[in-house]
Amino acid sequence: MSMTTIAPEQVNSIVWNQHNDPFEILGSHPIEQDGKTVWAVRAYLPNASAAWVVLPEQRKEYPMQTVHHPHFFECTIDTPELANYQLRIKEGEHERVTYDPYAFRSPRLTDFDLHLFSEGNHHRIYEKLGAHPTEIGGVKGVYFAVWAPNARNVSLLGDFNLWDGRKHQMRKGPTGVWELFIPEIGVGEHYKYEIKNFEGHIYEKSDPYGFQQEPRPKTASIVTDLDAYSWNDESWMEKRRHTDPLTQPVSVYEVHLGSWLHASSAEPAKLPNGETEPVVIVSELKPGARFLTYRELADRLIPYVKELGYTHLELLPIAEHPFDGSWGYQVTGYYAPTSRFGTPEDFMYFVDKCHQNEIGVIVDWVPGHFPKDGHGLAFFDGSHLYEHADPRKGEHKEWGTLVFNYGRHEVSNFLAANALFWFDKYHIDGIRVDAVASMLYNDYCRKPGEWLPNQYGGRENLEAADFLRQVNHIIFSYFPGILSIAEESTSWPMVSWPTYTGGLGFNLKWNMGWMHDMLDYFSMDPWFRQFHQNNITFSMWYNHSENFMLALSHDEVVHGKSNIIGKMPGDTWQKLANIRCLFSYMFAHPGKKTMFMSMEFGQWSEWNAWADLEWHLLQHEAHQQLKTFFRELNHLYRSEPVLYTQDFAEPGFEWIDCSDNRHSVVSFIRRDKDSDDFAIVVCNFTPQPHSHYRIGVPQKGFYTELFNSDARQYGGSNMGNLGGKWTDDWSLHSRPYSLDLCLPPLGVLILKLDKKKTAEALQ
């Protein structure tokens, strides 16, 4: 066969990896020769000493020759059609037969895909970009696509090519998306992108859309099939779709999976098929300790949370991150659950088991910043692609991280699709968006001169606000019944209002003001609390401006702040009583609830991200009693609609008396949305009991004492009202009847009218 005609500079552009469309040179091409059309086949095969084109159907081989370069092979074949040909390649003493990647010429991304991505509206772009096992022309392989518009060249690196960037050079599309189908590889392949800028600098990057990553400190992405898992949570998902979570009980147990509990590395983790799973060793403080896997956590964490009565688990970020000490808040793999605890399928199993046990799953999501690690998004294609180029907009110097360029459509698409992705592929029930204030303000943690104002001269980041609206609009459009929670600490208006009213579109916002007021109040000596009654009552002045979640989170038990029990004054009994008083008031106060792991049994030490929780404390009766308190408080909360159906409506709450600062006592009514039921809540925030404390109530009858935080089984002094009290015909607090109550020390009472007993007595 005669040789093809090709210019040496074209060959050199491939050999030197400088061509942005290797399909123009490599693969099969029809050419005119001697007045007829024949096929030219070209292949660049580093390390090969000989090569042949194989036509399996015709059982023919055609030797390839090298003219321009010892590893650039070519030949012509006289045949009317040339499809699914193979290459037989000799490398040293070894030979292999493979399909030619450059024979698969048709792009898999459509013009419509690229158009939507370019305008920031491709909601499921993760189904197109990244690595996807697929089949083309009867040949199985993996299709790769990555957005790197400012790169000169992009190649694939992996086990399949001995990490040689010359072997699988990608093609650049018109919008800066590079793509290539590699035949005969599949799930489990490790890979990265080799990206060169126009100065020739090389960057080895993990896949921004990669679904799995190697356990740290390795950083390669792993080809994964996210559709292989068979879910068993259909009833949960269907019920969620028709339920408004704002009228349901929401009691969240916040967990850092890496420190809830560890196992010994001597205990092998088992896979479902009985094989041993590779384990990830904890890097500090516990020699020989390893993380529990997602499946082991399903077996241990889920029963624990179910026993305690929480409705949801909130997981500190589980997207892939290189540094354990970041707690997951410096993300490099936004589409990959961290491999510390297992595979994507293992995490699906964990979520599935939560749903089968009637527990929702919320994950912390971090779209506000990302780290500078070389394999991540920073300077991705040799330019400031995902981040702003100007450090006054693009860098959080205090955190050592970079800020996303929310105004760039492809970047906002990457993040918005990522939020949708976790609901779509992993069936999660909510996101808690971290550090929203850092996104909304250009001057966040920046000194004068270190930030840029917006187009109107203000400090607000208008692009970030628009991005958050876009995210919330998208996820609620696809998945009604979910939660989107903002950790937002400023007075930015309408954070939890719908986007169609001008709000940011979240349906809950952490009440940081309530948290600070409560911790300040409960940390002071009870005698001084009479001078700070406003700490207790102020939250109701603004309660209806947002849909608030009351949160005592991980941030309140680290960095020298002490754990909750250490914040409380008095001896050990009073400290525990103060905890019961604080959380009883929290669960009776309007708003959904979040508390961090270890608070439920009174851990003394601050949270340590590398150590177990202090589970040994549960051998002591006082800590067991505190755990019992939380279990019964949760079950009371979930069983009484008066405590949750009208958290955000004015009829749901009514003060009885909020002005008795002399005794540091408050009393109020909580009302149900769908009935005329109500509960009376009375809180005594001092160790001084009151044997005859009278409060006004709206109806006559017998009020059952549903809950007493001072009960003996919780470790209290067991002062109370012998199961309940009858009203007296003595008007008080602008109400026609009143109750004469015994208020226990540092205690909270919840009482409810017993309609049946009252009716029988009044007949």
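Nothing here was measured: the structure is a model prediction, and the numbers come from that model.
- Classification of the Trp527-Phe531 ring pair by plane angle, with boundaries at 30° and 60°, yields perpendicular.
- Each salt bridge (charged side-chain N to carboxylate O under 4.0 Å, His left out) pair with one or both residues in residues 505-527, not counting sequence neighbours, appears once here: Glu488-Lys509.
- Across every non-hydrogen atom of Thr758 and Leu753, the tightest pair is OG1-CD1, 3.7 Å.
- Using modelled atom types, one finds no donor on one side chain facing an acceptor on the other under 3.5 Å when comparing Thr243 with Gln248.
- Salt bridge Arg432/Glu487: present, at least one basic N to carboxylate O contact under 4.0 Å.
- Partner Phe601 forms a ring-ring contact (aromatic ring centres under 6.0 Å, His included) with one of Trp615, Phe629, Tyr304 and no other, that one being Trp615.
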Full working for ring pair (Phe, Tyr, Trp, His ring centres under 6.0 Å) between Tyr637 and Phe707
CA-CA 10 Å; Tyr637 169 66; Phe707 183 80; over 10 Å; no
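- Between Tyr426 and Phe421, the gap from one ring centroid to the other is short of 6.0 Å.
- Ring-plane geometry between His589 and Phe653 is classed as tilted, the angle between the planes lying from 30 to 60 degrees on a 0 to 90 degree scale.
- In this structure, Phe476 CZ and Leu483 CG are separated by 7.0 Å, a value rounded to the nearest 0.5 Å.
- Taking CG of Leu468 as the start and CH2 of Trp492 as the end, the distance is 9.0 Å to the nearest 0.5 Å.
- A 4.5 Å side-chain heavy-atom check between Pro337 and Trp422 finds at least one atom pair inside the cut-off.
- A salt bridge between Glu358 and Arg638 is absent, with no side-chain N of the basic residue lying under 4.0 Å from a carboxylate O of the acidic one.
- Side-chain contact, Glu632 with Tyr714: a donor N or O sits under 3.5 Å from an acceptor N or O.
- Taking the six-membered ring for Trp and the full ring otherwise, His663 and His690 have centroids separated by under 6.0 Å.
- For the side-chain hydrogen bond (donor to acceptor under 3.5 Å, both in side chains) criterion with Trp236, the lone passing option out of His355, His427, Gln356 is His355.
- Glu238 and Arg241 are joined by a salt bridge, as a carboxylate oxygen and a charged side-chain nitrogen come within less than 4.0 angstrom of each other.
- Atom CG of Leu762 has more than 12 heavy atoms from other residues, nucleotides or ligands within 6.0 Å.
- Evaluated for a side-chain hydrogen bond (donor to acceptor under 3.5 Å, both in side chains) with Asp676, the options Gln699, Lys755, Arg671 yield exactly one hit, Lys755.
- Between the side chains of Arg469 and Thr499, no donor-acceptor pair is found at a separation under 3.5 Å.
- With Leu246 as the partner, the side chain to side chain contact (heavy atoms under 4.5 Å, CB included) test is satisfied by one option alone out of Thr645, Leu508, Asp647: Leu508.
- Other residues, nucleotides and ligands contribute at most 12 non-hydrogen atoms within 6.0 Å of the NZ atom of Lys239.
- To the nearest 0.5 Å, atom CE of residue Met597 and atom CG of residue Leu257 are 8.5 Å apart.
- Ring pair Trp607/Trp260: centre-to-centre distance not below 6.0 Å.
- The CH2 atom of Trp497 sits 15.5 Å away from the CG atom of Asn472 when rounded to the nearest 0.5 Å.
- Minimum heavy-atom separation, Leu582 to Phe522: CA-CZ, 3.6 Å.
- A salt bridge does not link Lys561 with Glu606: none of the charged nitrogens is closer than 4.0 Å to a carboxylate oxygen.
- No hydrogens or angles considered: a donor-acceptor pair under 3.5 Å links the side chains of Ser496 and Glu546.
- Across Glu307 and His635, no two heavy atoms sit closer than the pair O-NE2, 3.4 Å.
- Taking all atoms of both residues into account, the shortest heavy-atom contact from Cys742 to Pro744 is O-CD, 3.5 Å.
- In plain terms, the two heavy atoms of Leu420 and Phe479 that are nearest each other are CD1-CE1, 3.5 Å.
- To the nearest 0.5 Å, atoms NZ (Lys756) and CZ (Phe702) are separated by 14.0 Å.
- For Tyr521 and Phe685, the ring centers sit closer than 6.0 Å to each other.
- In this structure, CG on Asn357 lies 6.0 Å from CD1 on Ile302, to the nearest 0.5 angstrom.
- Here the side chains of Ile669 and Pro698 are in contact, with some heavy-atom distance below 4.5 Å.
- Minimum interatomic distance between Cys581 and Gly747 (heavy atoms only, all atoms of both residues): SG-N, 4.3 Å.
- For the side chain to side chain contact (heavy atoms under 4.5 Å, CB included) criterion with Trp514, the lone passing option out of Leu552, Ile536, Asn535, Asn543 is Leu552.
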